[in-house]
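This report concerns only the one structure given below.
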Amino acid sequence: QKEVEQDPGPLSVPEGAIVSLNCTYSNSAFQYFMWYRQYSRKGPELLMYTYSSGNKEDGRFTAQVDKSSKYISLFIRDSQPSDSATYLCALSGASSASKIIFGSGTRLSIRP
Amino acid sequence: EAGVAQSPRYKIIEKRQSVAFWCNPISGHATLYWYQQILGQGPKLLIQFQNNGVVDDSQLPKDRFSAERLKGVDSTLKIQPAKLEDSAVYLCASGGLSRVGETQYFGPGTRLLVL
């Protein structure tokens, strides 16, 4: 079983729709939960991070962590064509020596 | 603030040849990472430096891959000899001393194709 599972998509939605992206994980030691956005031929850029369970909101983006279900989500409201990219979840442990484990990424396309 | 610089952006080589990639991190960042991203997968950590010391190289195939970070600034990643399965994007990232994800910044990557 992979440590982090993420549906690769592609996911195509019309402009203005609410997008839901998800990851599941198996290791209960993960404490930091991150979402990266990666445009084609670019490096990943950090969008959101949360520590432990709960929600975090930043503009049109909301990150949710449910540690009891080992399930994390990223919601995008009022999606724009510029949101078209690959979204990677990433998790790490609490220790400063912990590696960041990335999901395989979900390819998202927003149709104008 | 200048971002993480990497070169070359693209490289095509034949199997069994050698190749080197260069990374210049954001000024003042102590931590430097090299990741391998195979098409359709997330980045996989190859090696992590703290200043010029190695923190983690557990996933670096040491029989063919080597990396160094002289003077705690620039870094090079070398593959010798290359195999077909090394075709991937090699990403460099740098981060501040706090380690957590919000301080890790990625470069544009070097796209390697091994024929």
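Every value quoted in this text rests on a predicted model; they were computed, and no experiment measured them. Residue numbering restarts at 1 for every chain, and letters A, B, ... go by the order of the sequence lines.
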Next on the checklist: Could you measure the distance from the CD atom of B:Gln41 to the CZ atom of A:Phe102? Nearest 0.5 Å is fine.
Outcome noted: 13.0 Å

Next on the checklist: Please check if the number of heavy atoms outside B:Glu85 that lie under 6.0 Å from its CD is greater than 12.
Outcome noted: yes

Checklist entry - For B:Tyr90, is it the side chain, the backbone, both, or neither that has a heavy atom closer than 4.5 Å to a heavy atom of chain A? => result neither

Checklist entry - Side chain, backbone, both or neither: which part of A:Pro44 has a heavy atom under 4.5 Å from chain B? => result both

Checklist entry - At a heavy-atom separation under 4.5 Å, does A:Gln6 approach chain B through its side chain, its backbone, both, or neither? => result neither

Item to check | Spatial distance of atom OH (B:Tyr33) from atom CD1 (A:Ile100) [nearest 0.5 Å] | outcome: 6.0 Å

Item to check | Which atoms of A:Arg41 approach chain B - backbone, side chain, both or neither, heavy atom under 4.5 Å | outcome: both

Item to check | Neighbour count >12 (heavy atoms, 6.0 Å) for atom CG, B:Leu115 | outcome: yes

Checklist entry - Counting heavy atoms not belonging to B:Leu113, are there more than 12 under 6.0 Å from its CG? => result yes

Checklist entry - B:Gln6 versus chain A, heavy atoms under 4.5 Å apart: side chain, backbone, both or neither? => result neither

Next on the checklist: For the OH atom of A:Tyr36 and the CZ atom of B:Phe106, what is their distance to the nearest 0.5 Å?
Outcome noted: 5.0 Å

Next on the checklist: Tell me the closest heavy-atom pair linking A:Gly43 and B:Leu91, and the distance in Å.
Outcome noted: CA-CD2, 4.0 Å

Item to check | Connected via hydrophobic side-chain network under 4.5 Å: A:Ile101 and A:Met34 | outcome: no

Next on the checklist: More than 12 heavy atoms of other residues, nucleotides or ligands under 6.0 Å from NZ of B:Lys71: yes or no?
Outcome noted: no

Next on the checklist: For A:Lys56, I'd like to know if atom NZ has over 12 heavy atoms of other residues, nucleotides or ligands within 6.0 Å.
Outcome noted: yes

Item to check | Atom NZ of A:Lys42 with >12 non-hydrogen neighbours under 6.0 angstrom | outcome: no

Item to check | Criterion side-chain contact (heavy atoms from CB on, under 4.5 Å) on A:Lys99 and B:Gln48, from CA distance to verdict | outcome: CA-CA 9 Å; A:Lys99 289 194 274 289; B:Gln48 177 184 345; 5.8 Å; no

